[in-house]
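Just so it is clear, the model here is predicted, and its values are computed rather than measured.
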Amino acid sequence: MLLTAMAGLGAASGTAAAAGPATPAAYLAEKLRENPVHLSDQLPRTNPLSARSAFARAAKRTGVPTYVLVLPGTGPARDEGLLAAVHDRLGEDGLYVLLGEDGGSPRTETFGVDVPARDAATATLFELPYDAGTLEVFRHFVDVLRSGDAVRRAERGLEASRAGEEPDKLHTSRTDRENQGFLTGVLLTGVPVFLVATGWYIRRRRGGKGPRLRLLVPVAAGTALVIGAGAPLVFDDTRSDADKPPTAADLRARTVRVAQGLRADPVYVDPLGAGLLSRSQLDRLRERVARLDVRVRIAVVPLVTADESAGDGARFAKRLHDRLHDRMGKDGDGLYLIAGASEDGDLELVNYGARLDSAALRDTTGDLRFDGAGAEDSGDSENQGLYQRLDSVLRAVGRAPHGPPGRPYLEPSAADDPVTEDVLPSLYAEDFTPGLLMGGVGAAAAFGVTAAGLAAAGRIRTAVRAAPAARASGAGGIPSQLPARLPAGRLRRTARWELGELNDAFEAVPHGLPDAVRAQVWDCLDAATLLLDQEGDNRVDADADAPTLAAGLALIRVARALLERGAAPAARGAGRTRLCTLDPLHGPAPASGRLKLPGETGSARSRPLCAECRAALPTAGSRPARAAETVAARVLRLPVPGAARSAPYEPYHRIPGPLAAQGTGRSAELTADLIVRRVREQLGVH
């Protein structure tokens with residue numbers, strides 16, 4: 001029993017064979033009792049255990065008791081209400097902060113202290129770019145918390161996001177470094193060659209008057225030296241992030257813990273995955289393992305790209321086997337079954353010395369390892385997904401034909417070195433050499449342009465002086481006021497914020513709200529959630545494209561407008577809430593006006609409009625060209641999915657998706673029920 005208790009609370013184990021698994025909240029409360037800053041050993045690539053002191057120093061600056069958890073972004077440990085549950089078990093008031101492995105917005109709760117934690121978290125979300133690491137996010141959060149200006153900064157960040165403003169990146173990526181190396185190469189050859197060629201040409205045109213070649217060459221050489229020596233001073237980043245590189249102890253911490261747990265119990269469930277398997281299910285799995293002719297070890301752990309195996313279950317199985325084989329010899333051999341700490345995570349079954357036909361076993365468990373198909377009914381309705389798949393795999397092991405001692409079906413490839421994977425290559429590597437070649441080509445092209453320009457210097461000077469004024473006035477066909485453009489980044493951040501706001505508002509809606517309005521708000525909220533969170537992780541999908549994000553945001557704003565209005569819509573009925581034709585993100589359209597959208601044929605016709613767009617349209621009798629200019633300036637434009645970044649944005653109604661134009665007359669009008677119906681048809685929900 002002493003070993004079981006230690007396995008439940010210590011770093012060496014996550015489950016207790018006799019007493020069943022503790023909850024993640026209880027486990028984390030025990031960790032915070034030992035130290036108010038807890039970093040999971042699952043994240044050595046981004047937040048190694050050796051970085052805890054840096055988090056602790058930042059936590060002390062809050063001015064209140066602060067408890068920090070840095071956990072993987074998957075599994076039951078990230079459920080809503082975790083911080084409140086941890087507080088209940090710890091029994092200590094203060095500021096509780098939960099952070100993920102890749103930065104993002106901190107999740108906060110306060111108990112018995114008065115600090116603007118949520119406003120500071122909101123400001124942090126909008127003020128930091130996506131490449132900010134977890135420690136950078138936490139330090140920024142503390143800075144905002146201490147600034148005395150958290151509320152205003154949160155509001156300002158939200159407004160900036162709605163205006164399409166994005167914070168600049170903090171770090172140089174590998175792509176950025178390749179571009180920097182290419183630019184350095186171009187300048188290193190292009191500038192000196194251009195100087196020599198142009199000086200020689202000027203002297204030749206002037207009949208021998210001008211800079212001498214013996215002077216140009218040293219100047220060009222000096223220029224090359226300045227560029228070559230100065231480029232590393234300008235492009236001085238050495239890493240693509242600010243994460244602390246892990247130590248060897250950081251990288252083996254989880255392997256040591258899980259391996260020690262497997263020595264005591266053949267079924268190991270990580271403390272952060274407790275709850276995925278009930279006590280009775282664990283007991284049945286242990287019984288089935290004990291009845292097998294071969295040794296089987298099961299580990300249920302979070303698998304994320306920030307862990308020591310880069311999220312690969314086969315790599316983690318190899319690390320466990322190597323560890324146990326070093327400590328136990330041949331007793332460390334057998335089948336290793338690695339399960340991600342989620343209901344639908346992949347399973348990895350790896351054979352290290354078990355006398356089974358590995359190929360036959362792999363064939364019979366293929367569906368079970370990836371989607372759970374074919375699992376047998378165990379008669380237990382609780383947590384059937386993961387348990388049923390593990391149970392069925394063990395049954396398949398029991399039926400598998402015997403064979404010689406097995407080896408892995410495929411040896412897992414080595415993961416990127418976590419110490420060097422974020423180190424930027426030299427400025428003079430990779431694309432530097434192509435830059436040198438292109439520098440010569442560019443210098444020749446620039447020289448040709450310069451030579452042609454010198455032949456017509458007067459006209460060129462006139463054109464150069466006129467160019468800034470032409471650009472400022474919009475001459476040359478460039479409009480002085482571009483139409484609204486919405487990048488996917490802005491849409492994603494705004495949708496994430498407003499979806500959370502709508503959920504809170506809907507939960508707080510008074511009972512007196514008419515049933516028709518409540519039903520429509522629910523339909524819009526449900527469809528928006530289905531569209532924006534197709535992965536089902538309670539977050540707006542990171543890979544959602546602009547048309548999808550715009551449709552979800554349009555539904556959110558219709559629902560919010562209905563809640564604020566608080567009464568049933570007019571005679572058109574709840575489902576006939578029309579959206580502004582020029583920009584569906586403007587919400588319900590109480591007015592109308594005659595217009596023709598870009599790319600449409602035929603004459604203008606009456607369309608639903610929001611009050612602002614209706615006021616912007618010219619009055620009847622105005623020139624059609626003026627109306628067309630107004631429409632072009634106000635129509636919502638989105639990036640086409642899959643198109644290059646430089647591709648022009650297209651009007652929303654011409655891009656396939658829930659907001660695309662369809663039909664003519666009233667059937668072409670965008671309404672709330674039309675978008676909801678399209679979303680459900682697209683996702684197969686009825």
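- Between Glu178 and Arg174, none of the side-chain N atoms (NZ, or NE/NH1/NH2) sits under 4.0 Å from a carboxylate O, so this pair counts as no salt bridge.
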- prompt: Are Gln42 and Asp270 close enough, and set up right, to give a side-chain hydrogen bond (donor to acceptor under 3.5 Å, both in side chains), and what steps lead you there?
  reply: CA-CA 10 Å; Gln42 323 264 8; Asp270 190 275; 2.6 Å; yes
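- A salt bridge is absent between Lys169 and Asp131; no separation between the charged side-chain nitrogens and carboxylate oxygens falls under 4.0 Å.
- Remark: Arg254 is positioned above the aromatic ring of Phe316, its terminal NZ or CZ atom under 6.0 angstrom from the ring centre and at most 45 degrees off the axis.
- Between Tyr96 and Phe111, the angle of the ring planes goes over 60°, which puts this pair in the perpendicular group of the 30/60° scheme.
- For the residue pair Ser240/Arg177, the side-chain donor-acceptor check at 3.5 Å is not satisfied.
- Within 6.0 Å of atom CG in Asp417, more than 12 heavy atoms from other residues, nucleotides or ligands are found, so the atom counts as buried in its surroundings.
- Salt bridge Glu498/Arg557: present, at least one basic N to carboxylate O contact under 4.0 Å.
- Donor-acceptor pairing under 3.5 Å is recorded for the side chains of Asp545 and Thr548.
- Using a 4.5 Å heavy-atom cutoff, the side chains of Arg152 and Asp149 are in contact.
- Glu136 and His171 share a side-chain donor-acceptor pair at under 3.5 Å.
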- request: Take Asp312 and Ser309, measure what side-chain hydrogen bond (donor to acceptor under 3.5 Å, both in side chains) needs, and give me the verdict at the end.
  value: CA-CA 6 Å; Asp312 189 295; Ser309 61; over 6 Å; no
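- Taking the centre and axis of the six-membered ring of Tyr27, the NZ or CZ atom of Arg89 falls outside the cone set by 45° and 6.0 Å.
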